[in-house]
Amino acid sequence: MNVQLRLFSVARDLAGFSERMVDLGRNPRAGEVLEYLAEHNPEFAGWRSSIRIAVNEEYVSQDHALNEGDEVAVIPPVSGG
Amino acid sequence: MNVQLRLFSVARDLAGFSERMVDLGRNPRAGEVLEYLAEHNPEFAGWRSSIRIAVNEEYVSQDHALNEGDEVAVIPPVSGG
Amino acid sequence: MVLLTSNPIDVQTVLKSVATPGSGGIDIFIGTTRDHSGGRAVTSLEYEAYEPMALREMERIERQARKKWPLEKVAIVHRLGSVPIGEASVVIAVSSAHRKQAFEACRFVIDALKKEVPIWKREHFADGTEEWSGQRNLTLNDKSIIGN
Amino acid sequence: MVLLTSNPIDVQTVLKSVATPGSGGIDIFIGTTRDHSGGRAVTSLEYEAYEPMALREMERIERQARKKWPLEKVAIVHRLGSVPIGEASVVIAVSSAHRKQAFEACRFVIDALKKEVPIWKREHFADGTEEWSGQRNLTLNDKSIIGN
């Protein structure tokens, strides 16, 4: 299943890209984008406890079921204000 | 003993003057200005519990001993802000 | 910085007076004149002060706030005379390295100002009457009819 | 009103956007860029956002605040891109009939914004280095060295 992956801030810097259509296989969960990213850079594997995932601009739990075409964003700890 | 009495807001409106040199007799206490004012308008007699007195621009207790030439202000409940 | 003024208060100027390179947060409270009071329509307000004592009390409140929190700068500005509806009667600004202190100190200052500073508000109502605000309690406590 | 902007934030304009005839108190919080962070000299800051989601989160926070307190108006403005030292990165303004609600809601909004809104700060230090703020915890929690 294809989803649009979006990376911000330190996640983008580490992965080296900000946006990419990726195939996550069958019945993927939101948290699996970290496994996809860990294939590029193993440091992503340790992020599960700190990162949040947003699907279509809303926070979701890491076991949220993804749908074809979802925009899946990796949200490192925010620091606005 | 002469003190400079100053009245503000509702106290001035009720007394009909804002500033006056008054003789409060021997060894006066701050609260006695209300007795002086009550001679002009008996309504002042009931004010003791609500009013504050300032001497030389600082709040004092009603039994504060006055000195010759003190500026004694009658401070009705304040409503700034 | 403490100030009493009969001119409109320029919030931008007050803000500049408290901005410092070490400030991370600035909290500003602006008290504005409302168009109603106790269910009655208000057309304008008027403020009177015992000016030298009001300034001393404002300075005392600033000192108290600085004792309680590590602050960069504090500004307390109150307008006197007639204040049209919607304009600022009071502006408090507090800068601090961290926002928590700025919020707490700003709230402390406005609360203390309303209790301690010798300033009085006179409300002009749409029905043509006017009265000194807050004197109703005085009269209730004392079973008299002054100030109604 | 929620807004993301790459221009300097004009506090006076934000203030006007929340002033209403029914407002008795307006609380404004201004977050400014500090010249130091964790003991190091900072020369400038840069903010990045996941813009559409940041706006949605800001709107959600405004709705939450309105559920908790009776408010007149709420403005949440965050600056993006480079922000020189001393300038505002964020301005929150809340108007209400009474000051207590304005203070509480304003503080709620800035606290929620800092926790929930997808905006990231990058600090440029005087020693020439730069880093994403707040990622040190990420790396400590996760025993990796990312973001240092």
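Protein chains get the first letters and strands the later ones, always in sequence-line order, with residue 1 at the start of each.
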Worksheet item: Is a salt bridge present between A:Arg52 and D:Glu116, judged by a nitrogen-to-oxygen distance below 4.0 Å?
Response: yes

Is there side-chain contact between D:Arg122 and A:Asp13, with at least one heavy-atom pair below 4.5 Å?
-> yes

Check whether any side-chain heavy atom of D:Trp132 sits under 4.5 Å from a side-chain heavy atom of A:Pro77, and report yes or no.
no

Exercise. Any side-chain heavy atom of D:Trp120 sitting closer than 4.5 Å to one from A:Val10?
Worked result: no

Determine whether A:Glu71 and D:Tyr50 make a side-chain contact, defined as any pair of heavy atoms from C-beta on separated by less than 4.5 Å.
yes

Going by heavy atoms in the side chains, are D:Met53 and A:Phe8 under 4.5 Å from each other? no

Scored by heavy-atom pairs under 4.5 Å with chain D, the best of A:Ser9, A:Gly80, A:Gly81 is A:Ser9

When the 4.5 angstrom heavy-atom criterion is applied to D:Ala49 and chain A, the contacting part is backbone

The reported gap from NZ in D:Lys115 to OG in A:Ser79 (rounded to nearest 0.5 angstrom) is 15.0 Å

